[in-house]
Amino acid sequence: KKITFTPAYHRMSRFIESICFENKQYHLLELHQQRIDRTFKKHFPLTIPFDLASRLPDLNFDEKYKVRVLYSNEALDVEYAKYVPAKIKTLMPVETNKMSYDYKHEARGTIDKLYAQRGDADDVIIVKNGWVTDSSYANLVFWDGNKWYTPHTYLLNGVKRQLYLKYGLIGEKSISLMNIRDFEKVSLINAMLDIGEVEVEVKDILSH
C-alpha cells in the first residue's frame with residue numbers, strides 16, 4: 001500500500017524511516033522522530049520537522065508490517081507491506097576507505113556497490129579502514145559467548161541499536177576485521193529485527 005500526502009516531486013534524494021508496526025501498534029516512534037528532527041536540523045534547517053505520529057496510517061494488524069516513510073522538505077510518502085525477514089546465512093566482509101551514511105537516505109550507491117561484491121554470500125559486512133561497521137541494511141551485534149557487542153564504528157546509528165545500548169542489552173566496542181573470529185556469531189538488527197531473528201555463525205563469514 002502507498003499513501004502520498006503531497007505531490008511527490010523531489011529536488012534531492014529523499015530520507016527514509018522504516019518503522020515496525022506489530023500487534024496493532026507502532027514501535028520506537030520517539031527514536032524515529034528524533035532522527036527525523038536531526039535530519040531536518042542538518043539538511044533543512046529553515047523547515048520545521050513534521051510530526052511523524054500524525055502522518056502515519058491508521059493500521060490494525062497483528063502481524064509485523066514495515067511502514068516506510070520517504071520524505072524531504074517538500075513531500076512525504078508512506079508505503080507499508082507485511083514484513084518477511086530476509087534469509088541471511090552467510091556474510092562476506094567487503095572493504096572501503098571512503099564512505100559515510102550518517103543519515104538514512106535513498107542515495108545508497110556506495111552501499112549497493114559494496115553489496116554487489118558479496119560473491120556467494122547472502123549479505124556483506126562493511127569494513128571501513130579495517131574496522132567493522134554494518135551490513136548492507138542492518139547494524140551488527142556480535143556474541144562472544146557471554147555478551148553481545150556492537151561496533152562503535154557503525155555507519156548508521158539505528159534505532160534498535162540505540163534502544164539496546166540504552167538498556168544495557170548490548171555493549172559497544174572496537175571490532176576489527178582481524179578479530180571477528182574472536183566471536184561465535186553475529187546478529188543483524190534494525191527497526192524490524194530483534195537480536196536472534198537473523199543470525200550468522202562466525203564460521204559462515206566467508207572470505208574472497
Side-chain angles (χ1 to χ4, degrees), residues 1-2 4 8-20 31-32 35-36 38-40 42-44 64-142 150-162 175-177 180 186-193 197-200 202 204-208:
K1 300 287 185 179
K2 181 175 180 179
T4 301
Y9 67 91
H10 307 280
R11 295 177 181 173
M12 62 176 294
S13 174
R14 294 176 295 179
F15 294 89
I16 303 169
E17 289 298 321
S18 297
I19 303 159
C20 179
L31 290 173
H32 286 289
R35 185 159 61 190
I36 290 167
R38 290 194 298 272
T39 300
F40 268 77
K42 173 67 175 180
H43 295 277
F44 315 123
K64 184 182 287 189
Y65 272 69
K66 181 178 181 179
V67 180
R68 192 166 179 255
V69 178
L70 301 98
Y71 67 94
S72 69
N73 62 331
E74 297 177 332
L76 184 149
D77 302 332
V78 179
E79 305 168 351
Y80 61 92
K82 191 171 182 179
Y83 183 74
V84 179
K87 294 182 179 180
I88 306 295
K89 298 297 183 184
T90 54
L91 294 167
M92 174 71 76
V94 294
E95 297 192 58
T96 180
N97 294 326
K98 295 180 180 179
M99 78 163 295
S100 62
Y101 193 67
D102 297 333
Y103 297 89
K104 189 174 175 67
H105 53 74
E106 282 186 306
R108 289 172 48 92
T110 302
I111 293 175
D112 291 341
K113 289 177 182 178
L114 292 170
Y115 179 74
Q117 299 175 33
R118 69 192 183 282
D120 294 329
D122 298 316
D123 199 2
V124 295
I125 294 176
I126 299 172
V127 180
K128 183 177 179 181
N129 298 319
W131 297 101
V132 172
T133 64
D134 300 330
S135 81
S136 69
Y137 71 99
N139 291 129
L140 301 173
V141 288
F142 291 82
T150 190
H152 86 281
T153 48
Y154 58 86
L155 294 175
L156 182 75
N157 191 13
V159 294
K160 192 65 64 69
R161 182 183 188 277
Q162 294 175 53
I175 301 175
S176 71
L177 179 59
I180 284 178
V186 57
S187 183
L188 282 65
I189 61 169
N190 60 26
M192 304 302 302
L193 293 174
E197 288 191 70
V198 176
E199 285 187 347
V200 175
V202 164
D204 294 319
I205 297 176
L206 310 181
S207 58
H208 285 288

- Query: Do Tyr137 and Ile88 have side-chain heavy atoms sitting under 4.5 Å apart?
  - Reply: yes
- Task: Please tell me if the side chains of Leu177 and Glu95 come closer than 4.5 Å, counting only heavy atoms from C-beta onward.
- Result: yes
- Item | Close side-chain approach of Lys160 and Asn190, heavy atoms under 4.5 Å | no
- Item | Sidechain-backbone polar pair: Asp122 side chain, Lys89 backbone, donor-acceptor under 3.5 Å | yes
- If the plane angle is over 60° it's perpendicular, under 30° parallel, otherwise tilted; pick one for Tyr65 and Tyr80. tilted
- Message: Do Lys128 and Trp131 make a side-chain contact, defined as non-hydrogen atoms from C-beta onward lying under 4.5 Å apart?
- Response: no
- Message: Within the structure provided, determine whether Glu17 and Arg35 are in side-chain contact (heavy-atom separation under 4.5 Å).
- Response: yes
- d(Ile19 CD1, Lys66 NZ) to nearest 0.5 Å is 11.0 Å
- Spacing of CZ belonging to Arg68 relative to OG belonging to Ser18, to within rounding of 0.5 Å: 6.0 Å
- Task: For the residue pair Phe142 and Val132, establish whether any side-chain heavy-atom pair is separated by less than 4.5 Å.
- Result: yes
- Measure up the Phe15 and His43 rings against each other and bin them: parallel (under 30°), tilted (30 to 60°), perpendicular (over 60°). tilted
- Item | Carboxylate-amine/guanidinium proximity below 4.0 Å for Asp102 and Lys42 | no
- Query: Does some side-chain heavy atom of Ile111 sit less than 4.5 Å from a side-chain heavy atom of Met99?
  - Reply: yes
- Determine whether more than 12 heavy atoms belonging to other residues, nucleotides or ligands lie under 6.0 Å from atom CG of Asp112. yes
- Message: So Glu106 and Leu70, do their side chains get closer than 4.5 Å, heavy atoms only?
- Response: yes
- Looking only at atom types and distance, does a side-chain atom of Asn73 sit under 3.5 Å from a main-chain N or O of Phe44, one as donor and one as acceptor? no
